[in-house]
Amino acid sequence: MLIASWNVNSVKARLDHLLRWLGEAAPDVALLQETKCLEAAFPREAVEDLGYNIAVAGQKTYNGVAILSKRPLEDVITALPGDPGDDQARYVEAVTGGVRVASVYVPNGQSVGSDKYAYKLAFLERLNAHAQTLLDLEEPFVLGGDYNVIPDPGDVWDPASWEGGILYTLAERAGYRRLLNLGLTDAFRALSGEIGRYTWWDYRGGGWTKDHGCRIDHLLLSPQAADMLAESGIDKTPRGWEKASDHTPVWCRLAAEDAARAA
DNA sequence: ATGGTTGACGATCAA
């Protein structure tokens with residue numbers, strides 16, 4: 001089972017890229033972030049024509065997440081538990097092919113100390129609480145998405161210049177690290193010790209051309225999913241396409257025989 | 001140069 005995550009930065013602006021990538025990479029499950037449209041405006045038909053079922057948490061202009069799966073989607077929830085007053089579309093979860101998956105768009109946080117920064121840290125705490133609830137089920141699950149957190153110095157092109165800045169403060173990294181401490185596995189890091197592998201390059205300042213990037217998109221696996229982890233990687237290809245998203249897909253493969261057993 | 005670029009939307013806001 002091939003599971004991928006991609007912040008598309010507008011599903012409508014990126015529809016041709018999305019369809020091309022779905023055709024070429026052919027993930028069984030695709031977790032999308034920053035779709036930037038209401039559920040009714042999601043290009044459902046074009047995606048369904050490629051054989052995908054769809055679950056959406058939509059919002060106009062900002063945020064928006066989706067799950068695409070070649071298998072049926074069950075037990076869909078469209079908000080991260082823990083704050084009924086939170087109306088931002090940043091979380092959708094479903095069970096598909098015997099694996100629970102979630103598409104997560106952690107807030108960017110804008111600037112350290114801002115209201116948005118506080119919201120980001122609170123969101124990470126809620127994600128920790130929900131992850132613990134899911135861990136108690138002792139089932140395979142994958143929480144994939146744009147975490148907007150650089151975990152370690154090897155995950156950013158110039159750690160010294162990023163020190164203490166947004167995406168890389170000790171508080172953000174601690175909020176992310178607590179997820180690992182609960183028992184989740186970073187699929188990429190579990191199989192690769194490579195530093196300098198990135199998933200996001202800022203549009204500003206020619207980041208892509210200079211490879212000034214950060215690794216902020218992650219697939220976090222429950223122990224039962226990590227036991228099936230066979231392969232993982234970062235697919236830089238779509239970032240090089242004309243009018244690209246500023247993010248590129250990350251993916252992992254869970255061993256088919258074990259995934260079938262779990263189903 | 002408190003900078004740079006992109007998307008949604010239609011003046012700025014968010015990233």
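Lettering of chains follows the sequences in order, A, B, ..., and the numbering in each one begins at 1.
Contacts of A:E194 classified as side-chain hydrogen bond (donor to acceptor under 3.5 Å, both in side chains), with partners at least two apart in sequence or in another chain: A:S192, A:R197. Residues meeting the salt bridge (charged side-chain N to carboxylate O under 4.0 Å, His left out) test with A:R239, sequence neighbours left out: none. Not counting sequence neighbours, the partners of A:E48 by the salt bridge (charged side-chain N to carboxylate O under 4.0 Å, His left out) test are A:R44. Scored by the salt bridge (charged side-chain N to carboxylate O under 4.0 Å, His left out) test, A:D202 finds A:R204 as partners (sequence neighbours excluded).
Heavy-atom nearest nucleotides on DNA chain B were determined for A:Q110 and for A:S10, and the one closer to the 5' end corresponds to A:S10.
Nucleotide B:dA14 holds its C1' atom 8 Å from the OH atom of A:Y105, rounded to whole Å. As rounded to whole Å, 17 Å separates atom P of B:dA14 from atom CG of A:N7. Protein atom CD of A:Q88 is 13 Å distant from nucleotide atom C1' of B:dC13, rounded to whole Å.
With B:dA15, B:dC13, B:dC9 as the candidates, the nucleotide lying closest to the side chain of A:E34 is B:dA15.
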Check the interface with nucleotides 2-6 of chain B: list each N/O to N/O pair with the protein under 3.5 Å, or write none.
from  : atom 1 : to     : atom 2 : distance (Å)
B:dT5 : O4'    : A:Y203 : O      : 3.4

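No engagement by A:R239 is indicated, since no non-hydrogen atom pair under 4.0 Å with the nucleic acid exists.
The salt bridge (charged side-chain N to carboxylate O under 4.0 Å, His left out) contacts involving residues 2-25 of chain A comprise A:R20-A:E24, where partners must be two or more places apart or lie in separate chains.
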